[in-house]
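What follows is a short report on a single structure.
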Number of protein chains: 2
Amino acid sequence: MDRERTERPMEPGLVQSVDRAARILELLSEQPAMGVSEVSRELGVHRSTAFRLLATLEARNLVEQVDVRGDYRLGLGVLRMAGALTARSDLTRDAQACCDEMAGRLNETMNVSIFDADAAVTITQASGDQMIGVARQYVGQRVPLHATSTGKLLLAHAGLSEQQRVLTAPLERFTASTIVEPAQLAAELERVRERGWATAVAEWEEGTNAVAVPVRGAGGAVIAALSVTAPSYRLPESGFEDVVAALREGADDLGARSGYLRPESAAH
Amino acid sequence: MDRERTERPMEPGLVQSVDRAARILELLSEQPAMGVSEVSRELGVHRSTAFRLLATLEARNLVEQVDVRGDYRLGLGVLRMAGALTARSDLTRDAQACCDEMAGRLNETMNVSIFDADAAVTITQASGDQMIGVARQYVGQRVPLHATSTGKLLLAHAGLSEQQRVLTAPLERFTASTIVEPAQLAAELERVRERGWATAVAEWEEGTNAVAVPVRGAGGAVIAALSVTAPSYRLPESGFEDVVAALREGADDLGARSGYLRPESAAH
DNA sequence: CGCGAGTGTTGCTGATAGTGCAACAGTGTT
DNA sequence: AACACTGTTGCACTATCAGCAACACTCGCG
């Protein structure tokens, strides 16, 4: 159900209170609003500690209280950082337009993701207008490389060292269909490279399928992945090939503008 | 030139290291990348201190190094927060679309701003394709209420207590034309309410003019401001009325969707 | 080539800054 | 009215974090 419980004790050499503050921001990215007590319970600290952390974040506009003596939520200061971040590259902006357009055509949830260290990061998302769809907000979310269509696609075109690292580390299981055997994953990656697109059939979330195609920038390198996600009854395996054609169009449009975000994303 | 030097010693009861970390994020929102030493100088702390703060932020993906032993910049974790923030309201998304469309029509820099405590916050921005334009990225930026078109418009329609607060506090001067006399500002606000739009003629930045109109949501309340900003030679005072007509169209479109972001924005 | 000034990074140690405690002031429920 | 909550604030202790100094390294200059 909740798939992020990083209750690690924090590596030494880091600043404890800053780490806790950052975790608060993470929490507030998942839940729309939280009270002081709720935060303190989640962090495992005293209420007063959580309060002071929140008060500090509030002074810098990173969080705000919905009203006096009320819950806290993310503040508008976040916008400034987000603006500065997206201003750095055209890809984010172009990807948003691409997602919006494709979501209108396919009427399903679209994602554009990029490779980052040990995960695929969704940089853009647009939803179809169907009642049943992808509920969660995935923008900025780090999803595993071995259990999602975008993850597998990006990993298949990443550097060998990156692939080795994922293949040697234990593969976490999320559903009954999740690939957890390294050999099986290696074969899957090979197939992804051959046919030029990747899938995820209930491997990350039960009852949910996804298809991803590469976005190629100047020089032909894979700079991102464009994907569709939908309930399995609306996107069955038999329909994958049809979607791929549509996806390719969008991905080529996006790639043609050859936006780039992290030139060193493959390097380490 | 640099108009933000909040070298205040930090109020008691706040967590020092978290405050410093937040300031790092602010700095990285202004400059695209900074080294450890640069950050330490800016914060007035030792290099090792700045390093550990950055390392902690990096562990939570809020910043990242451009390469090993290199500068730091904002990380992709910021996207997650931004995604969660904008997902809370339709206004941000609709405003972006509105800005984009208007920027295409007027070929100038468009902004949508909302009222927040003691400043106007730009939640959306789109630029025309002219070479000379608004250089700075303003999204998430807090601009003064008395020296900008959006600020004056929002203030004119804010609660009386808010207006009183601004009128009694000292009005900072930014250019020769900045209104610093409370009585003069009060008269200006009255004029804004009468004619239904606000201007800023080189009051915030020399050689730059701006015009703002209200965005009215369900119930007729002013929920945001839509504005155009341009060099004074392209947007002279004589041309204001023409732009207003175009702005009104966009603002009405936007308001018709009656998005809402902060229902309690006027309360305190 | 070697110097010097710059960088990012890392143990160590003392004192400061931040934590937990307890108590207060509220609100809504029992 | 008692209770169980909430967010908030002074206080005192001690764990935490800032500063120092040294390291490894890169760059530019002589």
Side-chain angles (χ1 to χ4, degrees), chain A residues 7-25 27-28 31-75 117 264 267-268, chain B residues 7-25 27-28 31-75 117 264 267-268:
Chain A
E7 216 57 83
R8 49 184 159 132
M10 187 183 76
E11 288 173 39
L14 299 186
V15 182
Q16 186 187 58
S17 50
V18 172
D19 187 73
R20 286 169 170 169
R23 279 180 63 192
I24 290 180
L25 294 177
L27 288 171
L28 288 176
Q31 273 146 289
M34 294 179 83
V36 171
S37 305
E38 206 174 349
V39 170
S40 75
R41 256 180 271 115
E42 208 71 36
L43 293 186
V45 299
H46 197 265
R47 287 216 314 280
S48 61
T49 304
F51 170 73
R52 276 183 270 261
L53 292 171
L54 282 166
T56 309
L57 292 173
E58 190 188 18
R60 293 279 170 205
N61 286 113
L62 293 177
V63 305
E64 62 189 16
Q65 320 189 59
V66 353
D67 51 27
V68 185
R69 300 226 159 202
D71 284 2
Y72 288 81
R73 64 180 177 191
L74 287 180
E264 74 287 1
H268 187 62
Chain B
E7 217 56 84
R8 52 187 156 126
M10 187 182 75
E11 291 172 38
L14 299 186
V15 182
Q16 186 188 57
S17 50
V18 172
D19 187 72
R20 286 170 170 170
R23 279 181 62 194
I24 290 180
L25 294 177
L27 288 171
L28 288 177
Q31 275 145 288
M34 294 180 82
V36 170
S37 306
E38 206 174 349
V39 170
S40 75
R41 255 179 271 116
E42 208 72 36
L43 293 186
V45 299
H46 197 268
R47 287 215 315 281
S48 61
T49 305
F51 171 74
R52 275 183 269 260
L53 291 172
L54 282 165
T56 310
L57 291 173
E58 190 189 17
R60 293 281 170 203
N61 286 113
L62 293 178
V63 305
E64 61 189 17
Q65 319 190 58
V66 353
D67 51 27
V68 186
R69 301 228 159 198
D71 285 3
Y72 288 82
R73 63 181 178 192
L74 288 179
E264 74 286 2
H268 186 60

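For clarity, every value in this text was computed on a predicted model and none was experimentally measured.
Residues B/Leu53 and B/Leu43 approach most closely at CD1-CD1, 4.3 Å, considering heavy atoms.
Where the helix from C/dG8-D/dC23 to C/dC24-D/dG7 starts and where it ends, the local axes point in directions that differ by 50°; five pairs per end, rounded to 10°.
Rounded to whole Å, the distance from CG on A/Leu57 to C1' on D/dG7 is 16 Å. In this structure, the CD atom of B/Gln16 is 12 Å from the P atom of C/dT19, given to the nearest Å. When the P atom of C/dG18 is taken as reference, atom CG of A/Leu43 falls 16 Å away, rounded to whole Å. The CG-C1' distance, from B/Asp19 to C/dG18, rounds to 14 Å in whole Å.
Counting heavy atoms from C-beta on, the side chains of B/Val15 and A/Thr49 never come closer than 4.5 Å.
Looking at residues two or more places apart in sequence or on another chain, you find no side-chain hydrogen bond (donor to acceptor under 3.5 Å, both in side chains) involving B/Arg47. Not counting sequence neighbours, the partners of B/Ser17 by the side-chain hydrogen bond (donor to acceptor under 3.5 Å, both in side chains) test are A/Ser17. Scanning for side chain to side chain contact (heavy atoms under 4.5 Å, CB included) contacts around B/Ala50 gives B/Val36, B/Val39, B/Ser40, B/Val45, with sequence neighbours left out.
Rounded to the nearest 0.5 angstrom, A/Met34 CE and A/Leu54 CG are separated by 9.0 Å. With rounding to the nearest 0.5 angstrom, the CD1 atom of B/Ile24 is 11.0 Å from the CZ atom of A/Arg60. Rounding to the nearest 0.5 Å places CD of B/Glu42 at 12.5 Å from OG of B/Ser37.
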Check: Which parts of nucleotides 4-12 of chain C does protein reach within less than 4.0 Å, heavy atoms only, written one letter per nucleotide 5' to 3' as B for base, S for sugar-phosphate only and - for none?
Finding: ---BBBBB-
